[in-house]
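The first residue in the sequence is number 1, and the count goes up from there.
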Amino acid sequence: MAEARNPLLAGIAGRCPNCGEGRLFEGFLTVAPRCEACGFDLAKADSGDGPAVFVILIAGFIVAFAALFTEVALSPPVWVHLVLWLPGTLVLVLAMLRPMKGVMLAAQFMNKASEARHD
């Protein structure tokens, strides 16, 4: 069982924070019950609402800044904002959610949180 160099990088990549090899997720956001490489128990790991909160704050800042900048610089009609920022927000949120959940689970592992059951 090789020790991961950095559990946070393993979490971003969707890998086990214990070994850095096995998959952290079974589906898009469903955490695997056990690491397939090292057997680490991931069943009790729970990130709660943390990833969603961070994604909302980060994506909200990026999209709000981009929309405001576009409005001030170009003054486009409202439909342009709708066409740009609604799908842009969706893509940004979906792209950030899984890595952020991996980071939160890895942070639990690093800090030996009781939910992660790190021994």
Side-chain angles (χ1 to χ4, degrees):
M1 172 171 52
E3 191 69 29
R5 287 184 193 91
N6 187 337
L8 292 177
L9 292 177
I12 288 173
R15 297 290 174 196
C16 172
N18 188 45
C19 68
E21 299 295 324
R23 291 184 324 208
L24 183 58
F25 299 105
E26 277 185 332
F28 182 66
L29 291 176
T30 305
V31 179
R34 184 168 293 284
C35 175
E36 60 197 21
C38 69
F40 185 70
D41 183 17
L42 298 165
K44 296 294 180 186
D46 182 21
S47 61
D49 293 334
V53 170
F54 285 114
V55 168
I56 288 169
L57 292 172
I58 295 167
F61 174 78
I62 292 169
V63 171
F65 178 80
L68 185 60
F69 182 81
T70 303
E71 180 61 34
V72 170
L74 304 173
S75 297
V78 173
W79 68 267
V80 172
H81 285 293
L82 293 174
V83 168
L84 287 176
W85 307 122
L86 287 179
T89 302
L90 182 64
V91 168
L92 191 59
V93 165
L94 290 176
M96 291 174 54
L97 196 53
R98 186 174 176 167
M100 192 63 68
K101 184 168 183 171
V103 166
M104 297 295 283
L105 294 172
Q108 279 184 349
F109 170 80
M110 287 175 54
N111 293 306
K112 300 179 183 175
S114 61
E115 292 86 9
R117 290 185 40 200
H118 181 287
D119 296 270

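Nearest heavy atoms, F25 versus G102: CZ-N, 3.8 Å. Listed here is the closest heavy atom pair of C19 and A37: SG-CB, 3.9 Å. When all heavy atoms of P17 and F109 are compared, the pair lying nearest together is O-CE2, 3.2 Å.
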Check: Stepwise, does the side-chain contact (heavy atoms from CB on, under 4.5 Å) test hold for M100 with L97?
Finding: CA-CA 5 Å; M100 192 63 68; L97 196 53; 5.5 Å; no
Next item on the list: For the pair R34 and L42, evaluate side-chain contact (heavy atoms from CB on, under 4.5 Å) and give the outcome as yes or no after the intermediate values.
Entry: CA-CA 5 Å; R34 184 168 293 284; L42 298 165; over 6 Å; no
Check: Can you list the steps and then say if V31 with E26 is a side-chain contact (heavy atoms from CB on, under 4.5 Å)?
Finding: CA-CA 6 Å; V31 179; E26 277 185 332; over 6 Å; no
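A distance of 6.5 Å separates OG1 of T70 from NE2 of H81, quoted to the nearest 0.5 Å. To the nearest 0.5 Å, atom OG of residue S47 and atom CG of residue L105 are 5.0 Å apart.
N18 is not listed as a side-chain neighbour of C35, based on a closest heavy-atom distance of 4.5 Å or more. Taking the side chain as every heavy atom from C-beta outward, P76 and E71 approach each other to under 4.5 Å. Considering only heavy atoms from C-beta on, E21 stays 4.5 Å or farther from R15 through its side chain.
Residues I56 and F54 are members of separate hydrophobic clusters, defined by side-chain heavy-atom contacts under 4.5 angstrom among Ile, Leu, Val, Met, Phe, Trp and Tyr. No single ILVMFWY cluster, assembled from side-chain heavy atoms under 4.5 Å apart, contains both L68 and L86. Two different hydrophobic clusters hold V91 and I12 under the rule that ILVMFWY side chains link at heavy-atom gaps under 4.5 Å. Criterion: ILVMFWY side-chain heavy atoms under 4.5 Å apart, direct or through other members. Under it, I62 and F69 are not part of a common hydrophobic cluster. Under the 4.5 Å side-chain heavy-atom criterion for Ile, Leu, Val, Met, Phe, Trp and Tyr, M104 and L92 are members of the same hydrophobic cluster.
Atom CZ of F28 is surrounded by more than 12 heavy atoms from other residues, nucleotides or ligands within 6.0 Å.
Side chain of K101 to main chain of L29: a donor-acceptor pair is present (N/O by atom type, distance under 3.5 Å, no hydrogens or angles).
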